[in-house]
Trainee: 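Pasting a structure here, questions to come.
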Amino acid sequence: MSARHLVWPWHGPVSSGQITLSDDSTRAYPQPPDSTDPGVYTGPGDCHLIEVPDVPEITAAEEAAAPAGGEWWAGKAIITGRTLYGQQLDGWIYQSSPTKRWHVRLRDVVLTDDQTVGEFVVRPFGAWYQPLFELTQGFVLPVGRATYLQASGVFAPIVTGRLGVLRLHSVSPSGQHAVLGLYAWQNASSSPSSALDRKPRPYHFWLVSVTGEDEDIALTVTHLYGLTDIRETLLSPSAGARHVVDSPARGTEMSREPVYEEGEYIGDRVSYWFDEEPAYTPSVSAVSFPVPGTDGADSSWMWGVRFDGETPVPLRVRCAYSRTVQEPAFEWQTISPIVRLERTGGGIEVEDAGTARLIGTAVSETLVTITGEGGAATWSRSHTLRAESTVEDSVVSNRYLLDAREQTVGGLDHGDVSPLLSMGFIIYGAGNRPALYAGVGHETTTVLSLSYLLDPFANGCLGVAQATETAGGAYQGALTPQGWVVGSGNYSETNLQRYGSYNPVTGDVSLGALAPVNWI
Amino acid sequence: MTPSERASGIRGNLNARSSGVRSRLAARAQRLSEGLTRDLSAIIQPERTQPTLRREEARGGIPSSRGYSQHNYQPGSSTGTGGIAGPLTEEDFSAREYYDPMLSSDGLFAIPQIKKMVLKDADGLEVVVELADPAAPAGGEP
């Protein structure tokens with residue numbers, strides 16, 4: 001058996017300055033800061049997995065030698081926020097070869113309105129008696145603090161001005177690549193402070209590539225994704241044109257009888273049915289219906305970037321739908337016929353304009369697919385939104401369906417026929433948190449609703465809570481670099497100072513925690 | 001004091017001083033003699049009767065154990081016997097030779113494993129220390 005040094009057996013969630021070990025005992029550890037101050041290059045729950053290839057697994061004998069509550073790890077370690085085993089790194093570990101490792105540190109990063117400048121400092125790591133070597137390389141990113149457009153684009157519109165912070169977003173297992181993110185957050189005052197969702201969200205991503213060894217080490221920074229990628233729109237809905245039903249037209253003749261005046265035939269008294277087939281004219285009015293047809297939407301939000309090996313992979317939540325407004329099956333029903341005196345000389349006198357009522361049905365349906373993309377496993381949810389409009393005696397009744405739930409509302413007018421149903425990203429509630437929302441109803445009245453409330457916690461962990469028009473939010477799980485992870489947490493509609501994170505080793509998630517959570 | 005009395009005093013002082021000098025010379029000669037005897041004794045080992053070992057039953061291989069060394073930090077006391085005179089001093093760091101470093105279990109830390117060190121003792125003689133490879137299979141195997 002080859003001898004080796006067993007290091008750091010203490011693993012578990014890190015919260016309130018304590019690691020909770022597998023036997024539920026605790027051990028002190030420096031808590032990563034929860035700060036958007038300059039010089040704090042990681043979020044409170046960000047951590048980065050280092051994987052060293054070809055390290056033999058922990059043997060049974062080694063495992064048995066672990067202290068109580070401890071566990072040795074072979075060939076991997078977690079940088080917990082800015083620290084590794086309690087030592088402040090402010091960066092990551094670059095493995096240039098199987099035998100050489102380097103500490104890449106971020107230093108003196110400053111954001112202005114126009115640019116972000118800073119330095120990388122590279123030093124040998126993990127080897128003793130190596131010649132002293134240090135490389136300092138500056139970088140300049142042509143993007144600075146977030147504009148209002150950028151901030152609001154990532155669901156952070158409540159800002160007092162331009163703001164931003166640069167963070168180490170993700171690191172490849174070898175450290176040969178890293179992603180830097182520029183983050184915006186809502187910073188306006190609120191009472192209480194926790195009533196506003198202040199979690200930072202990235203509005204730009206940059207890729208750092210590290211190559212070479214010793215004096216040949218070089219760092220290259222390239223732009224990865226901007227706001228148009230982060231809030232990508234592949235398809236926009238086109239429906240919205242409406243048409244009105246023309247006034248009912250005179251239809252077939254019902255009866256005809258001669259009319260005499262002073263014994264002289266002057267013409268016929270003719271009764272007509274109304275034409276059953278409605279005619280439509282493109283227009284917009286209170287009695288207009290959506291033009292039948294099919295359209296759709298496809299948009300996404302990239303809340304993070306993970307690595308598949310050395311390849312950066314966007315983590316997106318996508319919402320796409322296909323919407324169909326069917327041709328309405330309407331007809332005019334004659335209540336009382338049109339009566340006309342049609343004189344032999346060609347003159348026409350309308351003796352009774354008659355009355356007609358519209359009857360029939362109209363259906364609009366939207367099929368929604370929500371997908372978590374970029375994770376090691378794909379996740380999706382499908383929903384059906386449907387409205388069935390029934391017109392009887394020109395009075396509209398709508399039967400609304402959202403998946404298995406349904407509700408019928410009557411006494412509506414023509415303008416409520418075939419409502420356009422959709423689902424998409426919104427800034428939700430008073431706390432301004434990101435969400436996907438579907439409201440099924442008419443005009444401004446929502447009868448049925450479904451919301452996916454999206455909490456951009458740390459470390460590629462997007463907490464997902466679900467709510468309906470009657471049921472408050474509850475966490476279902478999280479989208480993570482590995483895909484969907486079922487989980488629960490302390491959800492609040494009004495207190496948005498919640499924390500969460502994803503453990504890249506165990507796959508565990510923490511959602512809605514009251515204090516910052518990280519992992520080691 | 002008469003001249004004869006003064007001459008007698010001077011003579012007495014001279015005799016006393018002469019006696020002290022002789023005494024110190026004798027003591028030095030004695031010390032040299034003892035040192036020489038000690039040194040010769042160290043060089044010329046008297047023949048000793050070798051003790052007879054009792055017969056031991058075979059016990060199998062020698063169990064592995066970690067090597068160690070003891071350092072003598074006393075000032076140089078070379079006796080010309082061919083032994084190592086402390087302190088041992090490494091004059092050229094780069095002369096060290098290493099085995100492959102021992103990796104930590106997480107793979108991040110490479111702890112150097114010294115294979116060979118070249119030292120000099122207090123007499124300037126080269127001393128080579130060759131250490132075992134801790135990553136090699138343990139000894140005692142058939």
Trainee: Chain A: which of B:Gly107, B:Ala110, B:Ser105 shares the most heavy-atom pairs with it under 4.5 Å?
Mentor: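 Highest number of heavy-atom pairs under 4.5 Å: B:Ser105.
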Trainee: Please list, chain by chain and in numerical order, all residues satisfying side-chain contact (heavy atoms from CB on, under 4.5 Å) with B:Pro112, sequence neighbours excluded.
Mentor: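 Partners of B:Pro112 by the side-chain contact (heavy atoms from CB on, under 4.5 Å) criterion, ordered by chain and then number, come out as A:Trp128, A:Tyr129, B:Tyr98.
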Trainee: Just give me the residue among A:Pro98, A:Pro53, A:Gly75 that pairs up with chain B most often, heavy atom to heavy atom, under 4.5 Å.
Mentor: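 Top count of heavy-atom pairs under 4.5 Å with chain B: A:Gly75.
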Trainee: Under a 4.5 Å heavy-atom cut-off, does chain B meet the side chain of A:Val7, its backbone, both or neither?
Mentor: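 Both the backbone and the side chain of A:Val7 come within 4.5 Å of chain B.
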Trainee: What are the residues of residues 19-28 of chain A, in order of number, with any heavy atom under 4.5 angstrom from a heavy atom of chain B?
Mentor: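 Result: none.
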Trainee: Assess whether a salt bridge exists between A:Lys76 and A:Glu51, defined as any Lys/Arg side-chain N lying under 4.0 Å from an Asp/Glu carboxylate O.
Mentor: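 No.
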Trainee: Does atom CZ of A:Arg123 have more than 12 heavy-atom neighbours, drawn from other residues, nucleotides or ligands, at distances under 6.0 Å?
Mentor: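 No, the 6.0 Å shell around CZ holds no more than 12 heavy atoms from other groups.
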Trainee: Does the ring center of B:Phe109 lie less than 6.0 Å from the ring center of A:His5?
Mentor: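 Not under 6.0 Å, so no.
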Trainee: Listed by chain and number, what are the salt bridge (Lys or Arg N to Asp or Glu O under 4.0 Å) partners of A:Asp214, not counting sequence neighbours?
Mentor: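 For A:Asp214, the residues satisfying salt bridge (Lys or Arg N to Asp or Glu O under 4.0 Å) (neighbours in sequence not counted) are A:Lys100.
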Trainee: Will you find, in the side chains of A:His11 and A:Glu71, an N or O donor that is under 3.5 Å from an N or O acceptor?
Mentor: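 Per modelled atom types, A:His11 and A:Glu71 side chains form no pair under 3.5 Å.
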Trainee: Could you go step by step and tell me if A:Gln95 and A:Ser174 meet the side-chain hydrogen bond (donor to acceptor under 3.5 Å, both in side chains) rule?
Mentor: CA-CA 5 Å; A:Gln95 302 176 58; A:Ser174 72; 5.8 Å; no
Trainee: Tell me which of these, B:Asp106, B:Ile111, B:Asp100, has more heavy-atom pairs under 4.5 Å with chain A than the rest.
Mentor: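 Of B:Asp106, B:Ile111, B:Asp100, B:Asp106 has the most heavy-atom pairs under 4.5 Å with chain A.
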Trainee: Excluding sequence neighbours, so at least two apart, what forms side-chain contact (heavy atoms from CB on, under 4.5 Å) with A:Gln87?
Mentor: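 Applying side-chain contact (heavy atoms from CB on, under 4.5 Å) to A:Gln87 gives none.
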